[in-house]
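Below is one structure, written out as C-alpha cells; the observations come after it.
All chains are named by letter (A, B, ...) in the order of the sequence lines, taking the proteins before the strands, and each is independently numbered beginning at 1. Keep in mind that what you see is a predicted model, and the values were worked out from it rather than measured.
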Amino acid sequence: MGMARTLPLVLEGVTFARDGQTLLGPIDLTLGEAGRTVLVGPNGAGKSLLLRLCHGLLAPSRGRIVCGELGTPLQAAVRRRQALVFQQPVMLRRSVLANVRYALQRQGVRRRDSRQQAQVALERVGLGALAGRSARVLSGGEQQRLALARAWVLRPEVLFLDEPTSALDPATTQAVEHAIRQFDEHGTRIVMVTHNLGQARRLADECLFLAGGRLVERGPAARVLTRPASPEAARFLAAEQGIEPVVGPPSSTAKGVAS
Amino acid sequence: MMEAFASAFGLMLAGDAELLGIVGLSLRVSLSAVFFASLLALPVGAAVALFRFPGRGAVVVLLNALMGLPPVVAGLIVYLLLSRVGPLGELGLLFTPSAMVIVQSLLIFPIVAALTRQIVSDLWEEYRDQLISLGAGRLRAIPTLLWDGRYRLITALLAGFGRAVAEVGAVLIVGGNIAGVTRVMTTAIALETNKGNLSLALALGTILMTLTLLVNGLAYGLGEFSRRRYGG
Amino acid sequence: MNQRSVTVAAGLLVALGFASGATAQDRGFITIASTTSTENSGLFESIVPQFEQATGIEVRVVAVGTGQALRIGCNGDADAVLVHAPAAERQFVREGCGVDRREVMYNDFVVIGPGRDPAGVADADSAVESFGIIAKAEAPFASRGDDSGTHKKELGIWAEAGIDPAGSWYRELGSGMGAALNTAAGMDAYIMADRGTWISFDNRQNLEIVFEGDPILFNQYGSVLVNPERHDIKHELAMEWHDWLVSEDGQAAIGAYRLRDQQLFTPNAN
C-alpha cells in the first residue's frame with residue numbers, strides 16, 4: 001500500500017510516569033502481525049495506559065515505540081492504520097451516518113464515496129436503519145456498535161478495544177463480540193482490554209496479564225486464564241472465581257513474540 | 001407605563017415607516033457586526049482553546065477583560081481611527097452605518113471569542129482522545145469543535161448581539177444619530193428622552209425589549225432543542 | 001455539506017440586507033455638525049426637507065454640544081457647522097478650522113425653575129441678578145457642564161455676576177439640553193435653557209420659566225463652513241447650504257417654523 005505499517009508494534013523499555021510517579025513499565029513487548037490479544041489484570045494495572053501508549057494518545061516517559069518492519073516511530077501516519085474503541089466512545093453531535101463519514105473523511109476519503117462506505121459499515125453492525133438518527137441519543141449498546149462501525153470502516157491493521165462491553169447487558173455484549181469477530185475474520189489484529197474473563201476466553205488466543213504497571217505474564221489465553229504461571233495472575237483468577245489460587249507450571253515467559 | 005406599551009403597539013401596528021427604518025437599521029447593523037466579529041472571533045477563540053503558545057494566558061485574560069470594554073471607549077477609538085484626521089479618514093466611513101458595524105464588531109469580538117474559547121475548551125476535553133484517534137489533529141479539530149458546539153456557540157453569538165443592539169454610547173459617537181441614516185433604536189431612545197418625550201422613548205424601549213426577549217427566547221429554544229436532539 | 005452552505009447563506013443574507021440600506025441621492029449628501037438644541041427643537045426636521053427639495057442635496061445632521069460640533073468640524077468630519085457660541089465660532093475661524101462665519105438666526109435663553117420659585121428669582125431685574133439670587137440662596141442649580149454653547153453662555157453670566165459657582169447646590173451634569181432638563185425636573189433645580197428646547201420639552205413636571213427677556217440672554221446662531229483647504233470635504237455642496245440658510249427662502253423657512261403656536265427662532269441674517 002505504500003503506507004507506513006503499524007505491525008509489528010514494538011515497545012522497547014517503555015515507561016509512563018506522571019507527577020514523578022511511574023504508572024507503567026518498564027515494558028518490553030512486541031505485538032505481532034495477527035491474532036486476538038486480551039489485556040487482563042486488576043484495576044490500576046495500567047491496561048488502558050498501555051493501549052493509549054500503543055495508539056499514540058500518550059507519549060512514553062522513557063523508552064520508545066516503533067512500528068512495522070522499518071521501525072517507523074509511532075506518529076499520525078502510523079496511527080491512521082490503527083483504530084481504538086473507547087470504553088465510553090465519544091459520539092460527535094451529528095447523525096449516526098455523519099459520525100462514520102467523519103472518520104472516513106479524516107482518512108482522505110472523498111465526501112461522495114464516504115456516504116456509501118459508511119452506510120455499508122452501519123449495516124454490518126446492524127445500525128443501518130438508524131443512520132439518520134442523532135448519535136448521542138443511541139443506547140449504550142448502539143453507541144458501542146457505532147464506535148465499532150466507525151473503527152471498522154477505516155480497515156485498520158490493528159484494532160484496540162478498551163473494555164468495550166463493560167457497561168453492556170449480556171445480549172448486547174454478544175452483539176459487540178460478534179462484531180469484533182468479524183474484524184478478526186478480515187485480518188484485523190485485535191488488542192483488547194477486558195475485565196470479563198468469560199469474554200477473554202471466548203475471544204482471545206493470547207493473554208497479557210498486567211499488575212502494578214508491569215507485564216507479569218504472557219501466553220496462550222487458554223493456558224494463562226486457567227493455569228497461570230505468576231502468583232499475581234493466580235490470585236486474580238481465584239478472586240474472580242471465588243476459589244483458592246492455583247499456580248501452574250510455567251510454560252512460557254512473559255516476554256516474547258506472540259502468534 | 002401602560003400608555004407606553006399601548007403607544008408601542010400602536011406604532012408597530014401602524015407600520016410607521018420611520019420607526020420600521022430605525023428598527024431595521026438596528027437589526028441590520030447589529031447582525032452584520034455579529035457576522036463580521038464572529039468570522040474572526042470563532043476561529044481565534046477555538047485556536048486559543050486548542051493551542052499552547054507563549055503568552056496564551058495573557059490572551060485569555062485580555063479577552064475576558066475586553067468583554068467589559070466600555071462602549072464609549074470603543075466609540076472613541078473608532079472615532080479617532082475613522083475621523084478625517086485619523087489613519088482611516090480617507091475611507092469616509094465616519095457617521096455611516098459601516099462605522100457603527102465596525103464599532104459594534106469591536107465590542108462583540110471579545111465576547112464571542114472568550115465564550116468560544118470556553119465552549120471549545122470544554123468540548124475538546126471531551127473529544128480530544130477520540131478526535132486524535134480518528135486522525136484529526138488540533139488544526140482539523142477547530143472546525144469540528146465549532147460545528148459540534150454550534151448550539152452553544154449560537155448562544156455566544158446572541159450574547160454578542162444583545163450587547164450590540166442595546167448599546168448606545170459607541171454608535172452615538174461614530175454614527176452621529178443622523179435621522180434616516182444612522183439612527184438606531186438606542187440613539188432614538190436617547191434622543192426622545194432628551195426631548196423630554198418620555199412616553200415615546202419608553203415605547204421605543206418596549207420594542208427594543210421585545211426584540212431582545214424574542215432573541216433570548218430563540219436562544220433558549222435552540223439550547224433545549226440541542227439538549228433533546230444531541231444530549232447537550 | 002450543509003455545514004458550509006448554512007454559513008455562506010447566513011453571510012449572504014446579512015450582506016444583502018445591509019447593502020439594501022444604501023439610498024441613492026441625486027447629488028450626494030453633506031454632513032452638518034450642529035447642536036442638540038436645534039435638533040431637539042425639531043427645526044431641522046422642518047427646514048432640511050425644504051432645502052433638499054430645492055437643491056437635491058441630502059443633509060445629514062450630527063447633533064452634539066457646540067464644543068464637540070466645532071471639534072468634529074475642525075477634524076473635517078463635517079462639511080459645515082451650525083452652532084450658537086459666537087466667540088467660539090470666531091476662534092474656530094481664527095484657528096483656520098472654518099471659513100466664512102455667517103449669522104443665521106437667534107432665539108433666547110430663559111431661566112427655568114420650580115414654579116413656586118423658592119429663591120425668588122422672579123423679582124430680579126436682570127439675568128445677572130437672578131443668578132446672584134440663586135447663588136445666595138444656594139438653591140439647586142443644574143449646569144450643562146458639557147462645553148456646549150448654552151454652557152459657555154451660562155458661565156459667562158456667572159462671570160458677569162462675579163460669582164464662581166461651586167458647592168453642593170451647583171450641579172454640573174455633563175449632558176445635553178434635554179437630558180439636563182430631565183435632571184433639573186427631577187431635582188427641582190434651576191437651570192438655564194434655550195427657549196427652543198424648552199418649548200418642545202414635554203417632561204416639565206414642576207418647572208416653569210422664572211426669568212426671561214434680558215438682552216444678555218440673546219442666543220445667536222451662526223453657520224460656519226469647514227476650511228476646504230484643510231480637509232477634502234464637500235465644500236461646494238456645503239456652500240449651497242450655507243447660502244440657502246441666509247437666503248430669502250431659508251430665512252423664511254426658519255421664521256415659519258412654529259411649535260405649540262410659538263415661533264422658536266427668529267431669522268436675522270444680514
Side-chain angles (χ1 to χ4, degrees), chain B residues 18 21 24-25 27-36 38-39 42 79-80 82-86 89-90 92-101 143-144 146-148 150 154 157 172-183 187 190-202, chain C residues 1 3-4 6-7 10-11 13-23 29 31-33 36-37 39-42 44-45 48 58-64 68 71-72 74-78 175-182 185 197-198 200-205 207 226 230-234:
Chain B
E18 194 186 345
L25 184 66
L27 291 177
R28 273 211 305 279
V29 165
S30 296
L31 287 173
S32 304
V34 168
F35 175 73
F36 289 117
S38 305
L39 275 187
L42 289 175
Y79 173 81
L80 292 173
L82 296 184
S83 170
R84 219 171 274 275
V85 295
E90 290 297 300
L93 290 177
L94 195 65
F95 303 139
T96 65
S98 302
M100 299 157 80
V101 171
T144 303
L146 288 178
W147 179 247
D148 275 40
R150 58 198 177 277
I154 284 173
L157 298 192
L172 192 58
I173 294 176
V174 305
N177 190 28
I178 299 168
V181 182
T182 57
R183 183 161 299 167
T187 56
L191 177 65
E192 292 308 328
T193 306
N194 284 343
K195 286 183 181 174
N197 201 342
L198 300 191
S199 64
L200 181 54
L202 198 54
Chain C
M1 204 184 53
Q3 174 171 353
R4 203 160 297 169
V6 165
T7 320
L13 218 72
V14 172
L16 285 176
F18 195 58
S20 70
T23 50
F29 67 89
T31 306
I32 305 298
T36 48
S37 54
E39 168 90 352
N40 290 2
S41 66
F44 282 121
E45 278 170 57
V48 162
E58 184 193 351
V59 176
R60 299 184 175 178
V61 180
V62 178
V64 291
Q68 198 187 341
R71 264 190 296 278
I72 286 175
C74 208
N75 287 345
D77 294 323
S175 348
M177 193 69 257
L181 278 170
N182 279 326
T197 306
W198 171 251
S200 61
F201 185 74
D202 278 329
N203 181 33
R204 296 183 182 181
Q205 300 183 33
L207 296 185
V226 170
R230 276 214 184 163
H231 303 291
D232 181 22
I233 53 162
K234 296 165 183 162

Report, as yes or no, whether the 6.0 Å neighbourhood of atom CD on Glu18(B) holds more than 12 heavy atoms from other residues, nucleotides or ligands. no
Cut-off 4.5 Å, heavy atoms of chain B, and the answer for Ser200(C) is backbone
Distance check, rounded to the nearest 0.5 Å: Leu94(B) atom CG versus Thr31(C) atom OG1? 8.5 Å
Go through Phe95(B) and Ile72(C) one step at a time and tell me if the side chain to side chain contact (heavy atoms under 4.5 Å, CB included) criterion holds. CA-CA 11 Å; Phe95(B) 303 139; Ile72(C) 286 175; 3.8 Å; yes
Output for pair (Asn182(C) CG, Asn197(B) CG), nearest 0.5 Å, gives 10.0 Å
Applying a strict 4.5 Å limit to non-hydrogen atoms, the region of Ala63(C) in contact with chain B is backbone
Between the side chains of Glu45(C) and Lys195(B), is the shortest nitrogen-to-carboxylate-oxygen separation below 4.0 Å, so that they form an ion pair? yes
Which is it for Asn40(C) and Leu191(B) under the side chain to side chain contact (heavy atoms under 4.5 Å, CB included) test, yes or no, and what are the steps along the way? CA-CA 8 Å; Asn40(C) 290 2; Leu191(B) 177 65; 3.2 Å; yes
Working to the nearest 0.5 Å, report the span between CD1 of Ile173(B) and CD of Gln68(C). 7.0 Å
Determine the option with the most heavy-atom pairs under 4.5 angstrom with chain B, choosing from Val61(C), Val48(C), Val64(C). Val61(C)
So which residue, Gly42(C), Ala179(C), Cys74(C), ends up with the most heavy-atom pairs under 4.5 Å with chain B? Ala179(C)
Taken to the nearest 0.5 Å, the spacing of Ser83(B) OG from His231(C) NE2 works out to 7.5 Å
Of Thr197(C), Ile233(C), Thr36(C), Asp232(C), the largest count of non-hydrogen pairs under 4.5 angstrom with chain B goes to Asp232(C)
Can you name the closest pair of heavy atoms from Glu39(C) and Asn177(B) and give their distance? OE2-O, 4.5 Å
Looking at Arg84(B), is its backbone amide N or carbonyl O close enough to the side chain of Asn75(C) to form a donor-acceptor pair, meaning the two atoms are under 3.5 Å apart? no
What's the verdict on side chain to side chain contact (heavy atoms under 4.5 Å, CB included) for Val62(C) and Ile178(B), showing C-alpha distance, side-chain angles and the deciding distance? CA-CA 6 Å; Val62(C) 178; Ile178(B) 299 168; 3.7 Å; yes
Pairwise side-chain contact, Val181(B) with Phe29(C), heavy-atom cut-off 4.5 Å (strictly under): no
